[in-house]
Amino acid sequence: LGTVETLIGNLQFTFVVSAEGDAYVQVYATDPFSASKPAVSLMLDANGFEQLKAIIKDADKVIDRMIREGRIKRMVLPY
């Protein structure tokens, strides 16, 4: 599906479908600069995926509101 790359880590999204037609979204989180840190893998079923979408939608609303209110200027990493 795609990858979100940042200065401090990556999120890779993959859509997995079994031969029986069961599916899930796999999210693989890694730190590309540290081989000693283990990667984290999550599997999202329909409910988990809906929760993720709701969190992103809510975060988007909060960010837009805070920008309009002048409370934040932009989204940047603290590094």
Side-chain angles (χ1 to χ4, degrees):
L1 296 173
T3 301
V4 177
E5 297 178 356
T6 73
L7 296 174
I8 57 173
N10 298 334
L11 292 174
Q12 181 181 20
F13 293 83
T14 306
F15 191 62
V16 180
V17 181
S18 72
E20 294 80 23
D22 296 327
Y24 60 91
V25 174
Q26 181 172 322
V27 183
Y28 191 67
T30 61
D31 180 350
F33 302 107
S34 177
S36 64
K37 290 183 183 176
V40 176
S41 180
L42 302 172
M43 291 182 230
L44 302 175
D45 61 6
N47 184 50
F49 186 64
E50 289 301 319
Q51 290 177 28
L52 176 61
K53 289 190 325 185
I55 289 169
I56 291 172
K57 182 179 177 181
D58 289 344
D60 194 40
K61 288 178 185 177
V62 170
I63 292 164
D64 288 345
R65 179 177 47 81
M66 292 181 78
I67 289 172
R68 279 193 315 274
E69 294 171 351
R71 295 174 60 195
I72 59 175
K73 296 176 188 174
R74 62 181 188 255
M75 298 287 296
V76 297
L77 295 176
Y79 291 89

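Bear in mind the structure is a predicted one, so any value in this text is a computation, not a measurement.
Nearest approach of V27 to L11, heavy atoms of both residues: CG1-CD2, 4.1 Å. Minimum interatomic distance between I63 and I72 (heavy atoms only, all atoms of both residues): O-CD1, 4.0 Å. What you find for N10 and E5 is that their closest heavy atoms are OD1-CA, 3.3 Å.
One hydrophobic cluster, built from ILVMFWY side chains closer than 4.5 Å, holds both L1 and F49. Both L42 and I56 are members of a single hydrophobic cluster when ILVMFWY side chains are connected at heavy-atom separations under 4.5 Å.
How far NZ of K73 is from CD1 of I67: 12.5 Å, rounded to the nearest 0.5 Å. Residue F15 holds its CZ atom at 11.5 Å from CG of L44, rounded to the nearest 0.5 Å.
Taking 4.5 Å as the limit, some side-chain heavy atom of V4 sits within range of a side-chain heavy atom of F13.
Under a 4.5 Å side-chain heavy-atom cut-off, the cluster of Ile, Leu, Val, Met, Phe, Trp and Tyr residues that includes Y24 is completed by V16, M43.
Side-chain contact, E20 with S18: a donor N or O sits under 3.5 Å from an acceptor N or O.
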